[in-house]
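Note that the structure is a prediction, hence the values are computed from the model and not measured.
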Amino acid sequence: MTAENNEITPIDGNEHSELRQNHVIAERREKLKSIREQGIAFPNDFKPDALAAKLHAEFSGMENETFDAKPVPVKVAGRMMLKRVMGKASFATIQDNSGRIQLFVGSSNIDEASYEAFKHWDSGDILGATGYLFKTKTGELSVKVTELRLLTKSLRPLPEKFHGLTDQEVKYRQRYVDLMVNEETRATFVARSKVVAAIRNFMLQNEFMEVETPMLHPIPGGASAKPFMTHHNALDMQMFLRIAPELYLKRLVVGGFERVFEMNRNFRNEGLSVRHNPEFTMMEFYAAYTDYHWLMDFTEQCIRAAAIAARGTATLIYDGREVDLSKPFERLTIVGAIQKYAPQYSLSQLNDCAFLRAEILKHGTKPFDHAGLGALQLALFEETAESQLWQPTYIIDYPVEVSPLARASDKNPEITERFELFITGREIANGFSELNDAEDQAARFNAQMKAKEAGDAEAMYYDADFIRALEYGMPPTGGCGIGIDRLVMLITDSPSIRDVILFPHMRAEA
RNA sequence: GGGGCGUUAGCUCAGCUGGUAGAGCAGCGGACUUUUAAUCCGUUUGUCGUGGGUUCGAUCCCCGCACGCCCUACCA
């Protein structure tokens, strides 16, 4: 850059270039400037006494004769979403936490200065209105405004009022805007809140205690996944963001808290997809003296209760297809599911390792050098049957080699008392009778260590303290994790996990 | 990681076989005392994601890159 260029380059700064680029924002900054000059620009002394939705619910049946006979004074506040200025009788629609209500701003009802000021306020501004309820001649319940105040000036314009905000990226990155203008987005997160509350209530009613275990783990455990790594300075210690709370929750069962649950975040340093966010919410629970049969009954009831709390029904529509949570969930073994959904395979083929290996390769899945029969059957299940499990289905009896924390079956030491729950072709929950034999668990950890040394990045670490805990004796216990984000996707008919996470992770903005 | 599609005004989108951009909304000015996507008249706004290439000339054609969405892979 030459000296000449330097001379003509104006002050560089984000604010400055934005002002030059966006005259809409510049205009609003000018308005704010003059508001500041006139007094307190951001007053905090207006206290609304009514919410839009409650006013509609309570007064929409009343007519103007009633309002005339007995006036209903109200103070409402909210963001101005629409404004219709017409000479001396204008309207504005404001939105509060509950919904929207229309303001009638007539020059004969408020002072002239306020009316003139109102004409220059913008969509997105936060207003406080004092007045009386009435009905317009089209029958819409409205507030006849007698006093109108600008509580917060909005410097940025709202998205276009008819089409709204549709850009997925902006919806995710600027969720605050999405929430302002898209009622469906608000509804999704209200539903999520209800699901979480319903699950918490369900657990508490069943005498589970809510606990909080560490998010920072010295040894990541409880799942097969790649962890996020971090470092604690004062302890000069490598730490991991937890991939699952499982091993801590089981320590609590050892300690005598026989029914515990934790609903919180897990972190996995893996790919992102429509079903995967680097941090996701899981509800894990453990109950002493229960087994996986009990867990399946219980999980079913919990999920049903969550759907009813959020939607009022256990019969849902997902992606245009019905999902019925009201009936007992089907239970199939891995082989049984393949036979049902991929009947081209004979039972003898399904017990033939060489055949399975070849068949899995046809589906383009990774090689399985050390995989035994059970793991091969599981892989074929995942390729052929899993995505077809639309109605809620428990798949049971997972092979021991892929279930290092689950109790082996008394009848067959190759399989575990484990299930995964699939709905709409997606895994929603995973549970099992817990392995409480400390010596067996130590052996399983050793096998995982070998797998890790052989290059399996997701294999588990040996957790000596967890073994020590088991050596004190853990009662026979059932434990299960429910993927809350995926459950909310199902209940809110959302196609992407990002639609049910308020601030999904995205690449850094360019 | 692989594949597909996309990126044009603050928002939603047009833009023909290449001649450096338009509409609606929003904004600004005006009219209007029951509108509700108010209406009517006038009017402002763009590094056409980014860097190269081809060309007299590129929003348009070619290549790279960035970002996004979808599919796929790992995974819950």
Side-chain angles (χ1 to χ4, degrees), chain A residues 17-18 20-28 30-31 64 81-93 100-109 115 119-124 134-142 144 154-174 177 181 222-226 243-244 266-284 363-366 382-383 386 420-422 426-430 456-458 481-487 489 495-499 504 506-510:
Chain A
S17 50
E18 187 171 69
R20 283 164 67 210
Q21 282 167 23
N22 185 346
H23 71 283
V24 177
I25 292 176
E27 194 83 49
R28 290 180 178 223
E30 281 305 309
K31 289 177 182 177
N64 278 333
M81 306 305 291
L82 294 165
K83 188 175 81 158
R84 296 175 287 281
V85 173
M86 297 174 302
K88 293 174 178 167
S90 300
F91 292 87
T93 303
R100 294 182 175 195
I101 192 158
Q102 179 170 264
L103 305 181
F104 173 73
V105 187
S107 62
S108 53
N109 302 313
Y115 192 78
K119 287 204 248 179
H120 296 281
W121 294 344
D122 298 299
S123 73
F134 81 112
K135 277 201 170 168
T136 64
K137 64 183 185 187
T138 54
E140 179 166 344
L141 184 71
S142 306
K144 187 173 287 177
S154 168
L155 297 177
R156 290 179 180 268
L158 292 177
E160 200 265 326
K161 64 186 172 190
F162 186 58
H163 298 93
L165 177 63
T166 56
D167 186 311
Q168 285 294 338
E169 180 181 356
V170 179
K171 278 165 68 79
Y172 296 148
R173 286 193 194 276
Q174 296 180 245
V177 179
V181 300
S224 300
K226 294 179 203 127
I243 56 176
N266 291 341
F267 306 86
R268 299 192 183 175
N269 205 343
E270 289 162 357
L272 286 74
S273 82
V274 73
R275 290 175 292 278
H276 300 86
N277 195 60
E279 57 180 300
F280 63 100
T281 300
M282 183 91 112
M283 200 283 285
E284 277 200 22
H363 285 93
T365 309
K366 65 177 182 184
E382 286 170 353
E383 293 302 326
E386 181 177 315
E420 289 194 356
L421 172 62
F422 294 88
R426 292 173 187 158
E427 186 186 338
I428 297 285
N430 175 21
D456 182 353
E458 294 177 1
I482 299 175
I484 299 301
D485 309 281
R486 289 184 179 178
L487 179 61
M489 285 170 70
S496 170
I497 197 167
R498 291 179 156 176
D499 296 323
M506 308 277 283
R507 222 176 275 268
E509 270 187 270

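Residue A:D167 is classed as a sugar-phosphate contact, given heavy-atom separations below 4.0 Å to backbone atoms only. If you check every strand for non-hydrogen atoms under 4.0 Å, A:V274 touches sugar and phosphate atoms only. When heavy atoms are screened at a 4.0 angstrom cut-off, A:L103 is found touching no nucleic acid atom at all. Nucleic acid contact class of A:G164 (heavy atoms, under 4.0 Å, all strands): sugar-phosphate only. A:F422 comes within contact range of no nucleotide atom at all, as no heavy-atom separation falls under 4.0 Å. Among the protein residues, A:T93 comes within range of no part of the nucleic acid, since none of its heavy atoms lies under 4.0 Å from any strand. Contact annotation for A:K31: backbone-only contact, meaning every heavy-atom pair under 4.0 Å involves sugar-phosphate atoms and none involves a base. Using a 4.0 Å heavy-atom distance criterion, A:M506 is classed as a sugar-phosphate-only contact. Residue-level contact check: A:G106 touches neither bases nor backbone, having no heavy atom under 4.0 Å from any strand. Within 4.0 Å (heavy atoms only), A:N277 reaches at least one base atom of the nucleic acid. Nucleic acid contact for A:E140: base, since at least one base atom lies under 4.0 Å from a heavy atom of the residue. Using a 4.0 Å heavy-atom criterion, one finds that A:R28 contacts no nucleic acid atom at all.
B:C65 and B:G49 make up a base pair, with Watson-Crick or G-U wobble contacts both under 3.5 Å. Searching all strands for a Watson-Crick or G-U wobble partner of B:U34 with both distances below 3.5 Å returns nothing. Base-pair partner of B:C16: not found among the strands shown (Watson-Crick or G-U wobble, both distances under 3.5 Å). If you check B:C28 for Watson-Crick or wobble pairing at under 3.5 angstrom, you find it paired to B:G42. The partner of B:G1 is B:U72, judged by Watson-Crick or G-U wobble contacts that both fall below 3.5 Å.
When the C1' atom is compared between B:U55 and B:U17, the two are found 15 Å apart, to the nearest whole Å. Spacing between B:G15 and B:U59 at atom C1', rounded to whole Å, works out to 8 Å. Taking atom C1' in both B:C28 and B:G64, the straight-line distance is 43 Å, to the nearest Å. Rounded to whole Å, the separation between the C1' atoms of B:G49 and B:C67 comes to 8 Å. With both ends at atom P, the span from B:G57 to B:U20 equals 14 Å, rounded to whole Å. Taking atom P in both B:G6 and B:C13, one finds a spacing of 14 Å when rounded to whole Å. One P atom belongs to B:C63, the other to B:A21, and the distance between them is 26 Å to the nearest Å. Comparing B:C65 with B:G22, their C1' atoms sit 29 Å apart, to the nearest whole Å.
Side-chain atoms of A:K83 come within 3.5 Å of backbone N or O of A:W121 as a donor-acceptor pair. No side-chain donor-acceptor contact under 3.5 Å links A:R84 to the backbone of A:F91.
In this structure, the nucleotide among B:G27, B:C69, B:U35 sitting nearest to the side chain of A:Y172 is B:C69. The A:E270 side chain lies nearest to B:A76 when the options are B:U12, B:A76, B:C32. In this structure, the nucleotide among B:G27, B:U35, B:C69 sitting nearest to the side chain of A:Q168 is B:C69. Residue A:S273 has its side chain nearest to B:C74 when only B:U35, B:C74, B:G68 are considered. When distances are taken from the side chain of A:R486 to each of B:G10, B:A76, B:U34, the shortest belongs to B:A76. Among B:C32, B:G68, B:C74, the nucleotide with an atom closest to any side-chain atom of A:R173 is B:G68. Which of B:G29, B:A76, B:G24 sits closest to the side chain of A:E160 comes down to B:G24.
Distance A:L272 CG to B:C70 P: 11 Å, rounded to the nearest Å. Here the C1' atom of nucleotide B:G30 and the NZ atom of A:K119 are 10 Å apart, to the nearest Å. In this structure, the NE2 atom of A:H163 is 10 Å from the P atom of B:U12, given to the nearest Å. The nearest whole Å value for the distance from the CG atom in A:L82 to the P atom in B:U39 is 11 Å. Regarding A:F91, its CZ atom lies at a distance of 14 Å from the C1' atom of B:U39, rounded to whole Å. Taking atom CZ of residue A:F162 and atom C1' of nucleotide B:C13, one finds them 13 Å apart after rounding to whole Å. Rounded to an integer number of Å, the gap from NZ of A:K144 to P of B:U35 is 14 Å. If you measure from atom OH of A:Y115 to atom C1' of B:U33, you get 8 Å, rounded to the nearest angstrom.
In terms of position along RNA chain B, the nucleotide closest to A:S123 lies nearer the 5' end than the nucleotide closest to the other residue of the pair A:R275 and A:S123. Taking the nucleotide of RNA chain B with the nearest heavy atom to each of A:R498 and A:K88, the more 5' of the two is matched to A:K88.
At a cut-off of 3.5 angstrom, counting only N and O atoms as typed in the model, there is no donor on one side facing an acceptor on the other between the side-chain of A:T166 and the base of B:U12. Below the 3.5 angstrom threshold, one finds a donor paired with an acceptor across the side chain of A:Q102 and the base of B:U35.
Side-chain atoms of A:Q102 and A:S142 include a donor-acceptor pair closer than 3.5 Å.
Regarding contacts with the backbone of B:A38, a side-chain N or O of A:R84 is found under 4.0 angstrom from either OP1 or OP2. Considering only side-chain N and O atoms, A:K161 lies nowhere under 4.0 angstrom from the phosphate OP1 or OP2 of B:C25.
Taking every heavy atom of both residues into account, A:Y115 and A:K88 meet most closely at OH-C, 3.2 Å. The nearest pair of heavy atoms linking A:N266 to A:M282 is ND2-CB, 3.5 Å.
In this structure, the side chains of A:T281 and A:D485 come closer than 4.5 Å at one or more pairs of heavy atoms. Considering only heavy atoms from C-beta on, A:F280 stays 4.5 Å or farther from A:R486 through its side chain. Side chains of A:S154 and A:R28 form a contact here, defined as non-hydrogen atoms less than 4.5 Å apart.
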Quiz item: Should A:K171 and A:R498 be marked as a side-chain contact (heavy atoms from CB on, under 4.5 Å) after you check the CA-CA gap, both sets of side-chain angles, and the distance that decides it?
Solution: CA-CA 10 Å; A:K171 278 165 68 79; A:R498 291 179 156 176; over 6 Å; no
